[in-house]
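Since the structure comes first, as structure tokens, the remarks are kept for the end.
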Amino acid sequence: MSQTVVLGVIGSDAHVVGITILEQALSAAGFDVINLGVQTSQEEFAEAAVAHDAEAVLVSSLYGHAEQDCQGFHDVLEEAGVDAVTYIGGNLAVGQDDFEETRGKFEELGFDRVFNSETDPEDAIAALREDLQITTRETERATISS
């Protein structure tokens with residue numbers, strides 16, 4: 001059975017290349033990907049997660065203002081009844097010098113995993129498989145039956 005992930009670029013950010021690459025990698029790995037595109041509101045993430053019964057919500061941001069865009073994000077998900085793992089990745093802060101500090105901020109905001117802009121899509125896929133407890137065999141079956 002395929003696991004559903006919702007993917008999008010939050011706030012006013014219009015950087016599409018990263019999520020396009022991630023969508024292709026996730027699809028090739030056997031995930032059912034709902035790509036919301038760019039300039040996605042918190043509410044749109046929540047609505048899509050509910051509508052598609054998503055197991056994961058992946059947020060991308062490259063313009064450096066993700067902390068502002070993600071204030072209250074997990075409250076919106078909770079109010080909508082979303083029970084999914086949440087990831088965020090990209091260039092999350094202007095002048096992102098100390099990524100561990102940035103990671104801590106986003107973990108405080110409620111994200112389960114925080115990735116920098118240099119993260120390989122395979123690392124995010126491996127993390128999803130771990131967090132969703134997907135075995136290699138399940139992934140192979142999902143890919144074969146697609």
I'd like to know if the side chain of [X] reaches the main chain of [Y], judged simply by a donor and an acceptor atom lying under 3.5 Å from each other, with no hydrogens or angles considered.
X	Y	value
Q42	D69	yes
Q39	S12	yes
Q71	E67	yes
D32	T4	no

Minimum heavy-atom distance C70-V59, with the two atoms named: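 The answer is SG-CG1, 4.5 Å.
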Exercise: identify the closest heavy-atom pair between V50 and A80: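 Closest approach of V50 to A80, heavy atoms only: CG2-O, 3.4 Å.
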Sole candidate of F115, F45, F111 that passes ring-ring contact (aromatic ring centres under 6.0 Å, His included) when paired with Y87: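 It is F115; the other options fail the test.
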Report whether [X] and [Y] are members of the same hydrophobic cluster (ILVMFWY, side-chain heavy atoms less than 4.5 Å apart, transitive linking).
X	Y	value
Y63	V38	no
V9	L62	no
I134	I125	yes

Identified side chain to side chain contact (heavy atoms under 4.5 Å, CB included) counterpart of V5 within the set V85, V57, V33: V33
Ion pair E108/K105, N-O distance below 4.0 Å: no
Sequence-distant partners of D123, side chain to side chain donor-acceptor pair (under 3.5 Å), two or more places apart: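 D123 satisfies side chain to side chain donor-acceptor pair (under 3.5 Å) with no residue once adjacent residues are dropped.
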Heavy atoms from other residues, nucleotides or ligands near CD of E78 exceed 12 (cutoff 6.0 Å): no
Residues in ring-ring contact (aromatic ring centres under 6.0 Å, His included) contact with F106, at least two apart in sequence or another chain: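 Counting only residues at least two positions away or on another chain, F106 forms no ring-ring contact (aromatic ring centres under 6.0 Å, His included).
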Would you be so kind as to tabulate the donor-acceptor pairs closer than 3.5 Å made by side chains of residues 16-24, with sequence neighbours excluded?
residue: T20; atom: OG1; partner: V16; partner atom: O; Å: 2.9
residue: E23; atom: OE1; partner: N35; partner atom: ND2; Å: 3.0

Any side-chain donor near an acceptor of the partner, T86 and H74, under 3.5 Å: yes
